[in-house]
Structures are given as C-alpha cells and as structure tokens.
*Asks:* 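Input: one structure, supplied below.
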Amino acid sequence: MEVIHLDHSAIPAMKEQHVMAIGFFDGVHLGHQELLNEARNLAERKGYKFSVMTFSPHPSEVVRKNSSFRYLMTLPQKVAKMKRLGIDTLFITKFDLNFASLRPTEFVQKYIRDINACHVVVGFDFTFGFKAQGDAELLKQECSNEPWEVSVISKKKCAEEKISSTRIRNMVKSGEFSSIPECLGEHYSVRVEVDAGETACHYIVHADPKATLPVSGDYDVEVTISQGKKHGRLKIHEGRAIELRMLTPLEESKDGYEMAFIRRSPETQRNTMERMEEIVYG
Ligand SMILES: Cc1cc2nc3c(=O)[nH]c(=O)nc-3n(C[C@H](O)[C@H](O)[C@H](O)COP(=O)(O)O)c2cc1C
Ligand SMILES: Nc1ncnc2c1ncn2[C@@H]1O[C@H](COP(=O)(O)OP(=O)(O)OP(=O)(O)O)[C@@H](O)[C@H]1O
C-alpha cells in the first residue's frame, strides 16, 4: 500500500484513476468496513485502483480545539488496518485550520478532481468543507456534469442504532466491552509499552496518551505476543496509571504489544453494582 501525505502546498498529480472512499474512519468499524468493501468492489468491477482519503489530526482537535479528544486508533494503527484491508493508496490529508476553511467546491476541485478520483464513496452522513457545509447531496450535484461519480452508503446499524466511532468511544470509556465486537468487528485494542513491575509477572503499562481508555477498574485483557495471545488482568486508576498482571512473564518485544480489552472483570462489575445499590438503597 502506498501512503501519500497531502497538504495544501503539495497535492500530487495522480497518473492513474482510482475509486476513493473518504472519511476520518477512527477505529475502522463495521460501518466503515461496509463502505470500504463497496469502494473495493467498485474498483475491481471498473478495473481501477482502490484508494482511501483520511485526515489527521481529528477535526475536533483542530476546529473545536478539544485537547481532551481521545482516539480509537493511532495513525500507525489506522495505516496498518487499511493495509490489511487491501487498499492500494492511502491519502492522509493534513487537517489544519487552513484546510478546514476550504469551501466545499474548493475541496472537490483540489482533493477529488485534481487527484484523479473517478468515483468517490462516502456514507449517508458524510460532511466536508468550511463549517461542514458540504454533504453527500452536494457531492452528487457537483459531479453531475463531471467525469467522476459518487456512491453513498446507507446507515449500518447494530441494535437499532448507527454504528459510529463516537458510540464505540463511549462504550470504551464506560468499560462496556461486551458489545464492542458487534460494532468494531473485533475487540478494542491499544498499543502499549511495558516496564517491569514488582514481580516477574507484574508490569507498569504505558498507552498512547491520545488513546481512549476506560474508567477506573479491573479489566480482563489479551496481550498479543509472537506465539499467540496471553491473558492478563489490567488495573486502571484515574484513567491512566495502569498495572498489568500476567500468569506467566511476557516475552520481550521492543515494538511494544497489542493489548485487547475483553471485559470488565466480574469483581469490578460486582463492586460497581454494590456501590450503586448502596447509593440507591442506602
Ligand atoms: C475541506 C474540509 C473542511 C472542513 N471544515 C470543517 C469545519 O470548518 N468545521 C468542522 O467541524 N469540520 C470540518 N470538516 C470536517 C468534516 O465535517 C468531517 O468531519 C470530515 O470531512 C470527515 O468526515 P467524516 O467525519 O464523515 O469521516 C472539514 C472537512 C473537510 C474535508
Ligand atoms: N454506520 C455507518 N453506516 C454507513 N456509513 C457510515 C457509518 N458510519 C460512518 N459512515 C461513513 O463513513 C465515513 C467516515 O465516517 P466517520 O469517520 O465520521 O465515522 P463515524 O463513525 O460517523 O464517526 P463519528 O462518530 O466521529 O461521527 C463517512 O463517509 C461516514 O458517512
């Protein structure tokens, strides 16, 4: 997979035409995957390359200056996932205030037409351009007299609600991991580095400060090592300080580990229930 970083001063002229999916795609959840599958199928049917345009950092961090915004995926995790999904070209567009102030028609001209996209695939609620003024309808109007086309994907739901990155972030934050695979297609995981703790099987864990983490409590986790997965118990205190206890020591890994959250530990759930009952019944 080719990764191309775009900023306003450097928009490369792409020789080959391509079918391009557009969106932020935090977590690459099952709604995103449906959209990406549609784009891949179109590209295969028409004999074009398959590309994705994403943005970095998240618009919330830039437009709303929300420094407490937390991601489901770091950019390297997203790049790795896109690679696994068979994308030919990944455009990572720098999202800054200059870019955010582009009018929808300017975005279409520079970031769709000029980079030679022959077909664009977006979801039903995609927005773009200054103050999110552009939407899927506008894209359809824009392409009506043009050599490129637009496909709009309808809402993919789980339990009657739209699958969305925001919904999954809220599930993670509240420690409700059991229904996450139905939305994400897999367990929620973060990349971590570990320092040795008090004993051979005890570690201090460092996650990316921008990663979404659950509320304080104990969690059953699976750590991926070269021979498979190992179970452990993770303690989160005040959203960050994390301790990990394994049954057997982790083998060394200089690149860190992928750690998947399986469930909130039954004890933590029981304690939370007991605390709630105390509050309700005294
Ligand atoms: C050219 C451009 C300008 C944008 N300007 C704004 C903006 O002014 N305010 C805003 O909240 N979001 C802005 N966005 C972010 C979009 O509303 C949207 O979040 C982004 O295109 C990703 O789409 P998605 O959230 O559907 O994945 C802009 C996006 C683009 C492509
Ligand atoms: N459940 C869904 N069904 C169909 N399309 C979707 C779905 N969720 C997102 N999309 C589309 O995928 C692209 C990327 O969307 P985006 O990154 O905003 O995801 P999101 O889950 O809606 O995020 P957020 O919760 O932050 O709004 C957009 O074109 C969007 O319309």
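Counting starts at 1 for both ligands and their atoms, in listed order. Values in this document were obtained by computation on a predicted structure and should not be read as measured data.
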*Asks:* May I ask you to check whether S165 has an N/O atom sitting below 3.5 Å from an N/O atom of ligand 2?
*Replies:* yes

*Asks:* Is it the case that ligand 2 has an N or O less than 3.5 angstrom from some N or O of I153?
*Replies:* no

*Asks:* Of the protein's non-hydrogen atoms, which lies at the shortest distance from atom 9 (C) of ligand 2, and what is that distance?
*Replies:*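 Ranking protein heavy atoms by distance from atom 9 (C) of ligand 2, first comes H32 CD2, 3.7 Å.
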
*Asks:* Considering both backbone and side-chain atoms of T127, is one of its nitrogen or oxygen atoms within less than 3.5 Å of a nitrogen or oxygen in ligand 1?
*Replies:*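 Yes - when backbone and side-chain N and O of T127 are compared with those of ligand 1, one distance drops under 3.5 Å.
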
*Asks:* Show me which atoms of ligand 1 lie under 4.0 Å from any heavy atom of G23.
*Replies:* 27 (O)

*Asks:* Run the numbers for me: atoms of ligand 2, each under 4.0 Å from some heavy atom of S164, listed by number.
*Replies:* 21 (O), 25 (O)

*Asks:* So, D125 and K162, do they make that salt bridge, N to O below 4.0 Å?
*Replies:* yes

*Asks:* Is there a polar contact between ligand 1 and F24, counting only N or O atoms under 3.5 Å apart?
*Replies:*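 Among all N and O atoms of F24, at least one is under 3.5 Å from an N or O of ligand 1.
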
*Asks:* Taking NZ, NE, NH1 and NH2 as the nitrogens, is one of them in D208 or R191 under 4.0 Å from a carboxylate oxygen of the other?
*Replies:*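 Salt bridge: no.
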
*Asks:* With the threshold set at under 4.0 angstrom, would you say S154 reaches ligand 2 through any of its heavy atoms?
*Replies:*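 So S154 counts as touching ligand 2.
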
*Asks:* Hey, is R167 touching ligand 2 through its side chain, its backbone, both or neither, going by heavy atoms under 4.0 Å?
*Replies:*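 Neither; nothing of R167 gets under 4.0 Å from ligand 2.
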
*Asks:* Looking at every heavy atom in both S56 and L75, which two are closest together, and how far apart are they?
*Replies:* OG-CD2, 3.9 Å

*Asks:* What atoms of ligand 2 come closer than 4.0 angstrom to any heavy atom of F24?
*Replies:*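 It comes down to these atoms of ligand 2: 14 (C), 17 (O).
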
*Asks:* List ligand 1 atoms under 4.0 Å from F126, heavy atoms only on the residue side.
*Replies:*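 Result: 21 (O), 23 (O), 26 (O).
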
*Asks:* Within a distance under 4.0 Å of any heavy atom of F130, pick out the atoms of ligand 1 and give their elements.
*Replies:* 3 (C), 5 (N), 8 (O)

*Asks:* Which protein heavy atom lies closest to atom 19 (O) of ligand 1, and at what distance to 0.1 Å?
*Replies:* P59 CG, 3.8 Å

*Asks:* Which atom pair, heavy atoms only, marks the closest approach of M20 to I115?
*Replies:*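 So the minimum-distance heavy-atom pair works out to SD-CD1, 3.8 Å.
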
*Asks:* Given the rule in the side-chain hydrogen bond (donor to acceptor under 3.5 Å, both in side chains) test, do H5 and K94 qualify, once you have shown the distances and angles that lead to the verdict?
*Replies:* CA-CA 7 Å; H5 289 265; K94 182 174 162 193; over 6 Å; no

*Asks:* I'd like to know if R167 and E161 make a salt bridge, using a cut-off of under 4.0 Å between side-chain N and carboxylate O.
*Replies:*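 Looking at R167 and E161, the cut-off is met.
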
*Asks:* Is there a donor-acceptor pair closer than 3.5 Å between any side-chain N or O of Y203 and the backbone N or O of L250?
*Replies:* yes

*Asks:* Find all atoms of ligand 1 within a distance of less than 4.0 Å from any non-hydrogen atom belonging to F99, and give their numbers and elements.
*Replies:* 1 (C), 2 (C), 3 (C), 30 (C), 31 (C)

*Asks:* Pull out every atom of ligand 1 sitting under 4.0 Å from any heavy atom of V63, numbered as shown with elements.
*Replies:*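 Once the distances to V63 are compared, the set is 9 (N), 10 (C), 11 (O).
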
*Asks:* Would you say the ring centers of F126 and F128 fall short of 6.0 Å from each other?
*Replies:*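 Judged by ring-centre distance (under 6.0 Å), F126 and F128 do meet the cut-off.
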
*Asks:* Ligand 2 versus L30, non-hydrogen atoms closer than 4.0 Å: side chain, backbone, both, neither?
*Replies:* neither

*Asks:* For ligand 2, which atoms sit closer than 4.0 Å to a heavy atom of G23?
*Replies:* 14 (C)

*Asks:* If you measure from atom 22 (C) of ligand 1 to every heavy atom of F25, F124, F128, F55, which option wins on shortest distance?
*Replies:* F55

*Asks:* Any protein heavy-atom neighbour for atom 18 (O) of ligand 2 (distance below 4.0 angstrom)?
*Replies:* no

*Asks:* With nothing but distance in play, are any N or O atoms of A100 less than 3.5 Å from an N or O of ligand 1?
*Replies:* yes

*Asks:* For Y257, is the NZ or CZ atom of K230 found under 6.0 angstrom from the centre of its six-membered ring and inside 45 degrees of the ring axis?
*Replies:*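 Judged by the rule (NZ or CZ under 6.0 Å from the ring centre, within 45° of its axis), K230 is not positioned above Y257.
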
*Asks:* For atom 2 (C) of ligand 1, what is the nearest protein heavy atom, given as residue, atom name and distance?
*Replies:* G129 N, 3.1 Å

*Asks:* Which label fits F95 and F99: parallel for a plane angle under 30°, tilted from 30 to 60°, or perpendicular past 60°?
*Replies:* perpendicular

*Asks:* Which of the numbered atoms in ligand 1 are below 4.0 angstrom from a heavy atom of K131?
*Replies:* 6 (C), 7 (C), 8 (O), 9 (N)

*Asks:* For the side chain to side chain donor-acceptor pair (under 3.5 Å) test, which of K210, E61, H58 pairs with Y71?
*Replies:*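 Only match with Y71 under side chain to side chain donor-acceptor pair (under 3.5 Å): E61.
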
*Asks:* Will you find, in the side chains of H18 and T89, an N or O donor that is under 3.5 Å from an N or O acceptor?
*Replies:*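 No, T89 and H18 have no side-chain donor paired with an acceptor closer than 3.5 Å.
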
*Asks:* Going by an N to O cut-off under 4.0 Å, is there a salt bridge joining K140 and E149?
*Replies:* no

*Asks:* Is at least one protein non-hydrogen atom found at under 4.0 angstrom from atom 9 (N) of ligand 1?
*Replies:*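 Protein heavy atom within 4.0 Å of atom 9 (N) of ligand 1: present.
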
*Asks:* Provide, to 0.1 Å, the distance between atom 22 (O) of ligand 2 and the closest protein heavy atom, together with that atom's residue and name.
*Replies:*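 Scanning the protein heavy atoms, the shortest distance from atom 22 (O) of ligand 2 goes to K162 NZ, 2.6 Å.
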
*Asks:* With a 4.0 Å cut-off on N to O distance, would you call E243 and R245 a salt bridge?
*Replies:* yes

*Asks:* Say whether D26, considering both its backbone and side-chain N or O atoms, lies within less than 3.5 Å of an N or O atom on ligand 2.
*Replies:* no

*Asks:* Considering the heavy atoms of T166, write down every atom of ligand 2 situated less than 4.0 Å from one of them.
*Replies:* 24 (P), 25 (O), 26 (O)

*Asks:* With atoms numbered from 1 as shown, which atoms in ligand 2 lie under 4.0 angstrom from a non-hydrogen atom of F25?
*Replies:* 12 (O), 13 (C), 14 (C), 17 (O)

*Asks:* Judged by non-hydrogen atoms, does I168 sit under 4.0 Å from ligand 2?
*Replies:* no

*Asks:* Hey, are R169 and D26 close enough for a salt bridge, meaning a charged N less than 4.0 Å from a carboxylate O?
*Replies:*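 Salt bridge: yes.
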
*Asks:* Is ligand 1 less than 4.0 angstrom away from at least one heavy atom of F95?
*Replies:*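 Yes, that is the case, since the closest heavy atom of the residue is under 4.0 Å from the ligand.
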
*Asks:* Has R64 got any heavy atom lying under 4.0 angstrom from an atom of ligand 1?
*Replies:* yes

*Asks:* List ligand 2 atoms under 4.0 Å from D125, heavy atoms only on the residue side.
*Replies:*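 What qualifies from ligand 2 is 30 (C), 31 (O).
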
*Asks:* Backbone, side chain, both or neither: what part of L35 comes under 4.0 angstrom of ligand 2, heavy atoms only?
*Replies:*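 The answer is the side chain of L35.
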
*Asks:* For the residue pair G175 and P214, what are the closest heavy atoms and their distance?
*Replies:*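 So the two residues come closest at CA-CB, 4.0 Å.
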
*Asks:* Tell me the protein heavy atom at minimum distance from atom 3 (N) of ligand 2, and give that distance in Å.
*Replies:*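 Sorting protein heavy atoms by distance from atom 3 (N) of ligand 2 puts K156 N, 2.8 Å first.
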
*Asks:* Looking at E193 and K254, does any basic side-chain N land under 4.0 Å from a carboxylate oxygen?
*Replies:* no

*Asks:* Provide, to 0.1 Å, the distance between atom 5 (N) of ligand 2 and the closest protein heavy atom, together with that atom's residue and name.
*Replies:* G123 CA, 3.9 Å

